[in-house]
Amino acid sequence: MTLVVPQRTSLESNFPAAMLSGVGTKESWRKEVHRPATSTHKWWAKRLGTVFRGIITSAATPAGADAAGAYGSSLDLEGAVVLDPFSGSGVTGVEALKAGAKAVCFDINPVATLVQRQAIQPWDLGSLEAAYKEVESACRSEVDRLHCAEDGRTVLYYFWVAALGCPECSRKVHLFDSPVFSKNAYPKRVPKAQIVCPECLSVKESRYDFVAETCSNGHTISQRGAVRGQSATCGNGHSFKVLGALNGSPPVYEMYAKLVANSDGSKSYEAITDWDRALYDECVAMLAELSQSAVLPSSRLAPGNNTDQALKWNFREWRDFFNARQLISLSLIATAIRDLTGSAPEREALCALFSGTLEFNNLFTSFKGEGTGAVRHMFSHHVLKPERTPLEAHPWGTSQSSGAFSTLFKSRLRRAHEYKRKPVDLVDRGAGIERISGVSKPVGTSIADSWEAFVSSEGQAAYVATRNSAHMDIPDGSVDLIITDPPYMDNVHYAELADFFHAWLQHMQPYVGYSDATTTRRVGEVQHADPVEFRKAIEAVWTESARVLKPGGLLAFTFHQARISGWVQVVESLRCSGWVVMAVQPVKGEMTTSVVKAGSREPSNLDSVVVCRRAVDGATNPHSSAEEALAAVIRELTDLRDAQVDIGAGDIRSVVRGALLAYLASTGVDLDDSATAQVDFLATESIQKLLGSDSGSGGR
């Protein structure tokens, strides 16, 4: 029997969702600042540490007690074991360790495991700095040489554009949608901009809203480029589909400008010269002669929901995502890190840092402009979306760089080290949200590689492993709390994207036992567009989770699903694996303005915290009718709305669906088309009630 989870908890009855949504909103804008331990490397759909701290503290607080106060106070869960079977970036593990508990973090993807290890294990700062300097000594001078102007000034960024011949007349077309390639993030305030001639690629300074310009070669430049959507028009007026004109080959790119760092600290936009072209040609030759022992990405892309876009553009291998200079420069850095002696956590941290640098140094990145971080990373759309005008950055970087190995060393590793040593939390004291220290324990423990090693550890401990959580090595009744964020049915397919990093990491072997397989895709992944397959995979994990939980323990997970079929499969999988849903609590989810959300029909702002207990422990759904279940969730949503939390139709639809389907499942009702139609009718009514009569027409 668990001594950590009360017989009825605040998580089930008086969850402080409004307060957590407030602090979560602040965290969501700068996760890397407020939760740097889990921000050393990219992982997708990363949950908010503030919210997960709130889930853990509320799960350990009796119903009716001050859960908000518990969140903002020191908590000691010494001896408790908290499991996350879908650990992702390690948010649950970090928050559990900060609360004094022991953490078990499992994920089926080895890249996720690497990210979790960075979030949890301690580094010796002196050793980390020494390893960094050793890598710098081995490769920086050569990387710098490959990124310089003829007079020796450092080139921060090269600007490229895809070019192809018109299928009808063979005239070259540069695939710009606009000749403005650099402008300020606030152009009305700072109208100065850089423009390029789409015909001859000469560059000049102008305004972001210019009407017409003439380039140095006499060509007229207008605001419109050759590309509109999926089509392009050549200078002779012939229109054609871009993908068709590629003729089975990936795009061919041309350099047209560079941004150079001057000795006085200023930066200059300049045209590409013969010197620049010759330097790039040297990189092409160097790549052809590179030693077979050097680290380079390997393996081919496989078809998938998130890889098909790149495949349509004829990117077939992971090395196709980089140009010759990027491959040479990145290989120099990666090989130097691989060749560091030993297998210390500090070497592992540099492997992960290098992998994170890849996100900003490839042909799928673009220029964000002046007055903001310069590089728009490749995963801003959550798919592998090719860029017609990619940005090539200096991968080692300078103090003026964005997304470089050297700058990320400071902003990610040093910041994460300090956070793990002295965690800071966002707390609402009533007069505003403050960053405070002293309410959480330091994070930093050696990582156990087996259950036996984990349970024999004294004090703080973490068991982190790459494994399918449908098959755990944990004995029956050993876990107090299961807190997680499972993959959604049809959203981002993590392994398809993680293979981009793994193509390099498999040759670097960041830690003993890191996968050397050609892909991170695995049988048993809980992610599938087919609802039946999704349910089968997640039900296996819920069944295993029920086995390892102590009597009286609790499972809580965050969930949001745009399709009702996703909710149906999750609720049915819980019922069939012996779980009873006790509450569905709406709370702040990811950052509201993400690109992916902005493009959806009903963008989401909230997650649902689904709180479950085991039927074998005597758990029953607390509601006596569907009307009561609906009234409860409407109260929760109303409280958030009244607390000025942004709530949209998609949020209401998702939360109401979850609560009503969970109640119906507890009564044994078959969740067929008739039941789901009634649930959706009530969800639409709820949207109209909470948002007004013009809302609630979203799809299924």
Side-chain angles (χ1 to χ4, degrees), residues 1-13 15 52 55-63 77-88 91-93 95-97 99-108 448 450-452 454-455 461-465 467-486 526 537-559 570-585 609-622 662 665-666:
M1 178 68 70
T2 176
L3 300 178
V4 174
V5 182
Q7 191 170 13
R8 184 160 173 76
T9 70
S10 291
L11 184 57
E12 296 159 282
S13 62
F15 184 56
F52 272 64
I55 292 171
I56 292 171
T57 55
S58 295
T61 302
L77 300 183
E78 183 179 357
V81 176
V82 179
L83 164 68
D84 188 342
F86 303 105
S87 195
V91 170
T92 298
E95 297 305 323
L97 291 168
K102 294 186 174 185
V104 180
C105 301
F106 291 160
D107 200 284
I108 201 168
S450 68
W451 177 259
E452 290 74 20
F454 173 70
V455 295
Y463 177 19
V464 182
R467 67 182 310 137
N468 182 347
S469 291
H471 307 285
M472 297 189 242
D473 63 343
I474 301 175
D476 295 0
S478 299
V479 171
D480 295 270
L481 270 172
I482 303 173
I483 310 292
T484 192
D485 174 53
V526 179
I538 201 168
E539 185 177 318
V541 175
W542 295 149
T543 300
E544 185 73 343
S545 297
R547 179 186 68 79
V548 303
L549 192 69
K550 293 178 182 178
L554 183 147
L555 161 69
F557 63 92
T558 52
F559 195 70
V570 165
V571 169
E572 288 283 29
S573 70
L574 289 166
R575 174 164 64 177
C576 292
S577 52
W579 294 96
V580 176
V581 176
M582 307 300 293
V584 177
Q585 305 281 16
V609 182
V610 183
V611 188
C612 309
R613 290 185 184 265
R614 300 190 308 181
V616 71
D617 294 331
T620 57
N621 187 281
S666 73

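Only a predicted model underlies this, so the values are computations on that prediction, with no experimental measurement involved.
- Taken to the nearest 0.5 Å, the CE atom of M472 stands 4.0 Å off from the OG atom of S545.
- Under a 3.5 Å cut-off, the side chain of R8 and the backbone N or O of A63 do not form any donor-acceptor pair.
- The two atoms that bring A96 and I56 nearest to each other are N-CD1, 3.8 Å, heavy atoms only.
- No donor-acceptor pair under 3.5 Å is formed between the side chain of R614 and the backbone N or O of L555.
- Contact record, C612 with W579: CB-CE3, 3.8 Å, taken as the closest heavy-atom pair.
- Rounding to the nearest 0.5 angstrom, the gap separating the OG1 atom in T543 from the CG atom in L574 is 9.5 Å.
- For D84 against D485, the heavy-atom pair with the smallest separation is OD1-N, 4.4 Å.
- Annotation for A103 and L97: closest pair CB-CG, 4.1 Å, computed over non-hydrogen atoms.
- The closest donor-acceptor contact from the side chain of R575 to the backbone of A665 lies under 3.5 Å.
- One distance of note links CD of E572 with CD1 of I538; it measures 13.0 Å at 0.5 Å rounding.
- When all heavy atoms of Y463 and S450 are compared, the pair lying nearest together is CE1-N, 3.5 Å.
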Quiz item: What do the steps show when you test F557 against W542 for ring pair (Phe, Tyr, Trp, His ring centres under 6.0 Å), and what is the final call?
Solution: CA-CA 11 Å; F557 63 92; W542 295 149; 4.9 Å; yes
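- Formation of a donor-acceptor pair under 3.5 Å by the N621 side chain with backbone atoms of V581 is found in this model.
- In this structure, the side chains of V541 and F106 stay at 4.5 Å or more apart for every pair of heavy atoms.
- Of the possible polar contacts, one joining the E12 side chain to the T9 backbone as a donor-acceptor pair under 3.5 Å is found.
- To the nearest 0.5 angstrom, M582 atom CE is 10.5 Å from S13 atom OG.
- Without hydrogens or angle criteria, N468 side chain to A470 main chain gives a donor-acceptor distance under 3.5 Å.
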Quiz item: Is there a side-chain contact (heavy atoms from CB on, under 4.5 Å) between I55 and L11 once you walk through the steps?
Solution: CA-CA 7 Å; I55 292 171; L11 184 57; 4.0 Å; yes
Practice problem: Any chance you could lay out the side-chain contact (heavy atoms from CB on, under 4.5 Å) test for W451 and V548, step after step, and finish with the verdict? | Solution: CA-CA 12 Å; W451 177 259; V548 303; over 6 Å; no
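- Between V580 and A619, the closest heavy-atom pair is CG2-O, 3.6 Å.
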Exercise. Output, in order, the C-alpha distance, side-chain angles, deciding distance and verdict of side-chain contact (heavy atoms from CB on, under 4.5 Å) for V4 and K550.
Key: CA-CA 10 Å; V4 174; K550 293 178 182 178; over 6 Å; no
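- Annotation: side chain of F454 is not in contact with side chain of D473 (no heavy-atom distance under 4.5 Å).
- In this structure the side chain of V479 never reaches within 4.5 angstrom of the side chain of V104, judged on heavy atoms.
- Looking only at side-chain heavy atoms (C-beta outward), V81 and S478 stay at 4.5 Å or farther from each other.
- One finds the CD atom of E95 at 9.5 Å from the CZ atom of F52 (value rounded to the nearest 0.5 Å).
- Atom CG of L554 and atom CG of D480 lie 11.0 Å apart (nearest 0.5 Å).
- Residues forming a salt bridge (charged side-chain N to carboxylate O under 4.0 Å, His left out) with D107 (at least two apart in sequence, or on another chain): none.
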